[in-house]
Amino acid sequence: MHLYGTMRFNSKGHLEIGGCDTVDLARDFGTPLYILDEAEIRGKCQLYRSSFGKGPGESEIVYAGKTLMTMAVARLIEEEGLSLDVVSGGELYTALAAGFPVERLYFNGNNKSREELRMAVKAGIRRVIVDNISELHLLDEVARELHSNMKILLRVTPGVEAHTHEYIQTGQLDSKFGVGLANGQALAAVREALGKSGVTLVGFQCHIGSQIFNLDSYRAAAGLMLDFIAKAARETGFTCRELDMGGGLGIRYNDQDTPAGVEDYAAALWDAVEAGCQTRGLKPPKLLVEPGRSIMGEAGTTLYTVGSIKDEPGIRKYVAIDGGMTDNPRVALYGAVYEAILANRSAAGSSELVNIAGKCCESGDMLIWDLPLPSMHRGDLLAVPCTGAYNYSMSSNYNRLLRPAMVLVNDGEAHLIVKRETYDDLLRNDIIPERLERQTRPKSMGVAL
Ligand code: LLP
């Protein structure tokens, strides 16, 4: 298996991440456990800044908080000089609670509520990315009520749909996000925005998909966005000063995946923007990107303990772990393919094909099919890498399983950054209405176990 970030096997034959022995981590923090490799996160942030910084103009890296957002993560992102994109009141609240600088906060999303927009305007964040005309009206109203003015980017649907390995261009993209280019909606939205006193239009944003390998998708999208920038300038006199090309760069989950590097991605985008501006006689705008997965994905590893092992001779062998679709729903949702490694015994001899099962009560809760692993025993530790993006952020309490703890590891030190949920956390929001109340119910929530 590919070793990511600071992963290595130590002299005891144990997997180490950030200089921490995963056997010790399992003992000290329990499993399932999300392990975050701080050096890997910082390295990716720095690579993004230096790669985009090599371009001919100004750039800004806006980390997409939906990927993984905790207060400690917000701190790391801040320290590395990135900006932060939030997509809900909850993410905004987390960023504000962590003291993230408001002048580096962006707000995306296709249906921000009045309350969420009020929060953003009151906090004085840098940009709201307005998704549609209805939201434009709402934000204008909210900003005026608060005697304020919000600088906005307008989300445009350029009609490029990127898939993992290729892209297609459609005349008019059917999407819940953004205002369409092809149908004139985008231009209408520019006209509307320019006439509103509660908002100031600064530029445009697009986001063409996620886990993208083919840089041609970005080149195509940049070309269409520049066409639109030129058209908007011609027809409305608006000068676009910021172009936000969204996120989406793919990562390697398994050996079928062949992602482009961050440097090539930055060069492709800058080349497309620079050349495209030249041919259209435009002044190059500031370039923004909103990476998520390509910053956080490879930094995360989930550590599980092996439990039941069930061999169906002639059919398959199931190895069950103490988590599953609750901490990593990507397999059940998207058919994502992960690799895994035995963390507590490196030189464990010959391997056999096993199937890693989660502990939820449904057959679809499988984590990995046909994985070559040494013979496994109850109590072994299994490490699944590449779980930093869209795992904790999409986790659930299905079957009333507890969300795992998360530790940040670096230079041989491990710090707890998300506590493991407790059974009492599960009860925290439950209410028994009085008419269902038992006379003899004890006062304390404590349950004798
Ligand atoms: N900007 C916008 C407006 C987005 O919608 C997204 C992701 C990003 C940036 C960051 O994209 P990234 O660099 O992470 O690809 N849950 C799915 C991924 C959903 C992506 C949603 N939008 C998954 O687990 O694969």
Side-chain angles (χ1 to χ4, degrees), residues 41 44-45 47-48 51-52 60-69 73 77 82-88 91 105-112 127-132 135 152-158 160-164 167 173 175-179 203-215 217-218 221 225 242-254 257 259-262 265-266 269 287-300 302 325 327-338 367 384 386-396:
I41 298 172
K44 284 283 158 56
C45 291
L47 180 63
Y48 257 99
S51 303
F52 277 87
E60 188 169 335
I61 313 298
V62 187
Y63 167 68
K66 60 175 78 76
T67 317
L68 173 66
M69 178 73 147
V73 166
I77 293 300
L82 270 61
S83 300
L84 176 62
D85 164 46
V86 298
V87 291
S88 67
E91 286 189 0
L105 283 178
Y106 289 70
F107 198 166
N108 255 297
N110 69 313
N111 184 25
K112 305 171 196 81
R127 302 280 181 267
V128 169
I129 292 139
V130 170
D131 198 89
N132 49 66
E135 185 176 282
I152 64 166
L153 303 180
L154 182 66
R155 176 153 180 178
V156 169
T157 315
V160 172
E161 205 179 339
H163 299 286
T164 306
Y167 72 94
L173 194 66
S175 165
K176 75 169 182 174
F177 297 108
V179 282
F204 303 117
Q205 187 257 22
C206 70
H207 171 75
I208 56 172
S210 199
Q211 185 60 359
I212 296 171
F213 291 169
N214 187 345
L215 297 178
S217 314
Y218 289 108
M225 292 300 283
E242 294 179 10
L243 173 60
D244 179 343
M245 292 298 296
L249 185 66
I251 62 168
R252 181 200 182 283
Y253 285 100
N254 57 64
D257 291 339
V262 173
Y265 168 54
L269 268 183
L287 180 60
L288 295 93
V289 282
E290 301 171 351
R293 191 192 312 267
S294 51
I295 286 183
M296 214 46 87
E298 296 183 4
T302 311
M325 66 191 295
D327 58 80
N328 183 355
R330 299 194 66 258
V331 181
L333 266 177
Y334 315 120
V337 178
Y338 286 86
L367 209 54
V384 178
C386 272
T387 57
Y390 305 110
N391 273 226
Y392 175 68
S393 60
M394 295 204 299
S395 62
S396 77

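Counting from 1, the numbers follow the sequence of the chain as shown. This one's a predicted model, so the numbers in the text were calculated from it and none came from an experiment. Both ligands and their constituent atoms are indexed starting at 1 by order of listing.
- Which parts of ligand 1 touch A64 is read off a 4.0 Å heavy-atom cut-off, strictly below it: atoms 8 (C), 9 (C), 10 (C).
- Annotation for P259 and R252: closest pair CG-N, 3.7 Å, computed over non-hydrogen atoms.
- Taking distance alone, with nitrogen or oxygen atoms compared against 3.5 Å, M394 stays at or beyond that limit from ligand 1.
- Checked against a 3.5 angstrom limit, the closest N/O atoms of R155 and ligand 1 fall outside it.
- At a threshold of 4.5 Å between non-hydrogen side-chain atoms, the residues R330 and Y253 count as touching.
- If you look at Y334 next to ligand 1, the close heavy atoms, those under 4.0 Å, all belong to the side chain.
- Considering backbone and side-chain atoms alike, N108 places every N or O at 3.5 Å or more from each N or O of ligand 1.
- For atom 20 (C) of ligand 1, the nearest non-hydrogen atom of the protein is Y390 OH, 3.6 Å.
- For Y390 and Q211, the side-chain atoms include no donor-acceptor pair closer than 3.5 Å.
- Across I41, V73, T387, a single residue satisfies side-chain contact (heavy atoms from CB on, under 4.5 Å) together with L68, and that is V73.
- Inter-residue side-chain proximity for F204 and M225 is flagged as met; some heavy-atom pair is nearer than 4.5 Å.
- With contacts defined as side-chain heavy-atom distances shorter than 4.5 Å, the pair S294/Y48 qualifies.
- At the shortest separation from atom 8 (C) of ligand 1 among protein heavy atoms lies H207 CE1, 3.4 Å.
- To the nearest 0.5 Å, atom NZ of residue K176 and atom CG of residue N132 are 11.0 Å apart.
- The protein heavy atom nearest to atom 24 (O) of ligand 1 is R330 NE, 2.6 Å.
- In this structure, the separation between CE on M296 and CE on M69 is 10.0 Å, given to the nearest 0.5 Å.
- Annotation for ligand 1: atoms under 4.0 Å from non-hydrogen atoms of P291 are 13 (O).
- With a 4.0 Å heavy-atom cut-off, ligand 1 is reached by the backbone of E290 and by its side chain too.
- Contact atoms of ligand 1 toward G248: 11 (O), 12 (P), 13 (O), 15 (O) (distance under 4.0 Å to a heavy atom of the residue).
- In terms of polar-atom proximity, S210 is counted as a contact of ligand 1, with an N or O under 3.5 Å from an N or O of the ligand.
- A donor-acceptor pair under 3.5 Å is absent between the side-chain atoms of K112 and the main chain of V130, judged by distance alone.
- Two residues are said to be in side-chain contact when any heavy atoms from C-beta on lie closer than 4.5 Å; V62 and R127 fail this criterion.
- Ligand 1 places these atoms under 4.0 Å from at least one heavy atom of G292: 12 (P), 13 (O), 14 (O).
- Close approach of ligand 1 to Q205 (heavy-atom distance below 4.0 Å) involves ligand atoms 3 (C).
- Ionic pairing of E91 and K66 is not present here: no N-O contact between side-chain nitrogen and carboxylate oxygen is shorter than 4.0 angstrom.
- Considering backbone and side-chain N/O of D85, none are found under 3.5 Å from N/O of ligand 1.
- Between G246 and ligand 1, no pair of N/O atoms sits closer than 3.5 Å.
- In this structure, the protein non-hydrogen atom closest to atom 6 (C) of ligand 1 is K66 NZ, 3.1 Å.
- Polar contact with ligand 1: present for R293 (N/O pair, distance under 3.5 Å).
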